[in-house]
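Have a look at the structure below, then the notes.
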Amino acid sequence: EVDWFSLASILFLLMFAPLIVYYFIMSCDQYQCSLITPLVDLLLGNTHLSDIWNKTPALTYKAAGIYILWVTFQVILYVFIPDFCHKFLPGYVGGIQEGAVTPAGVVNKYEINGLQAWIITHVLWFANACYFHCFSPTIIFDNWIPLLWCANILGYVVSTFAMLKGYFFPTNAKDCKFTGNFFYDYMMGIEFNPRIGKWFDFKLFFNGRPGIVAWTLINLSYAAKQQKLYGQVTNSMILVNVLQGIYVLDFFWNEAWYLKTIDICHDHFGWYLGWGDCVWLPYLYTLQGLYLVYHPVQLGTANAVGILILGLVGYYIFRVTNHQKDLFRRTNGNCKIWGRKPEYIECSYTSVDGTKYYSKLMTSGFWGWARHFNYTGDLMGSLAYCLTCGFAHILPYFYIVYMAILLTHRCIRDEHRCFSKYGKDWKRYTTKVPYRLIPGMF
Ligand code: NDP
């Protein structure tokens, strides 16, 4: 059953999320990234919605061509080029990997080749920028709004297709979820792991590419634009490129681990993931770089070093916390966390068919400090990206506000699920580890 709050949130997001993205990008294009000035202008009658709309670049054949080429190229890299990175990179887990057991008991196989797709794409990008000069490295920035229309078209097409597919030809009918509410089903998805053929997995493709591979290219394009406009790339732009680059590379290096995260293990594929990955992620996660094109900030050395340290410490916490849980679960607790045997709470749960399973919740390492310390690290890194932009405008701070809401909501959603799953064992765990994100506070 869909409660009224979920339904209201879904309707709000369906109506306003595309407008929010448009508003942010438009405010940079027309108002130097000021979020307040367009509103004030509209309220005072200095401008009209039609004026803003008329100044907005339209969809162009050029942008459509770039976008179709981009997505096709990523599909080819994903489907047709088996992973070779795991053959020579020590410690990297790629190639064919198994996902978690779905509620219907299916174990999907995935071709993990995201790192390879990222490397090939970036090698080609640099080869073009340095030698071939087939297109300008500022191409993404120069076509940013026309590309927004293309991304929206793909986002809506893929979400609508996923919904129809769920009704008419699901990949695994037993893993479909129908609530009977059209908006909820469209937003949160019907199918758990929609696929075309054996290997084209919608969730992994849209989550992992084309948005995340593009993330670092978009930042590079912003850096190239700064160079073109001002004759230099500021240290803040370098920091954004480096810190977000580490985050993106980490995602691809750990793509096999990603198969065990909430996105892949629990979420169904609907507009939330389909449109979100095509539009929300590439447009709003890259706002700092876009802002720095309009407002090049040169940070003092102390500030730059402080931000770098915050970003790196945040990344360290994020990575180590995720690694500790992964190691603990993979070895069933037969490992060492910070040099000692991990402590944990034994717990059990019963699946829909009545089978009893056993699991363990670790209370050592960062998992003994707080129940979601990985989110805390993620939030520290997110804050570091925003701080590179200084304090002249609020637009770059959207990311930390959004991540704080996303991860707090995720934390509550996950704990609700864990409580339904583990019952009194989860209670024992929360008594032992009482804080969610910040030890001693929350
Ligand atoms: P987690 O990796 O925290 O996984 C939560 C699950 O882990 C729970 O459902 C439970 O699953 C298990 N678990 C919880 N507590 C313990 C414990 N003490 N010991 C062992 N297992 C435990 O969550 P996510 O999948 O959401 O996040 C993965 C990473 O991705 C995070 O670092 C997050 O910051 C990042 N992220 C980034 C986003 C972005 O947009 N940048 C968006 C979302 C996530 P089980 O049922 O198996 O017990």
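Atoms within a ligand are numbered from 1 in the order they appear, just like the ligands themselves. Index from 1, following the sequence. Values below: all heavy atoms of this structure, side chains included; hydrogens, waters and symmetry mates excluded.
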Worksheet, complete the sentence: Applied to residues 234-291, the disulfide bond (SG atoms under 2.5 Å apart) test, sequence neighbours excluded, yields none
Worksheet item: So is R371 actually on top of F442's ring, under 6.0 Å and inside 45° of the axis?
Response: no
Fill in: disulfide bond (SG atoms under 2.5 Å apart) involving C33 - partner list, sequence neighbours excluded
C28
Worksheet item: side chain to side chain donor-acceptor pair (under 3.5 Å): which pairs involve residues 11-29, sequence neighbours left out?
Response: Y22-T56
Fill in: Near-ring test Y429/W426, centroid separation under 6.0 angstrom
yes
Practice prompt. Measure up the F366 and Y316 rings against each other and bin them: parallel (under 30°), tilted (30 to 60°), perpendicular (over 60°).
Written response: perpendicular
Practice prompt. Mind jotting down which protein residues get a heavy-atom contact under 4.0 Å with ligand 1? Chain and number order, please.
Written response: Y247, W257, T261, I262, Y285, F318, N322, K325, R329, K360, L361, M362, W367, H372, N374, Y375, D378, M403, L406, R410, D414, R417, C418, K421, Y422, Y429
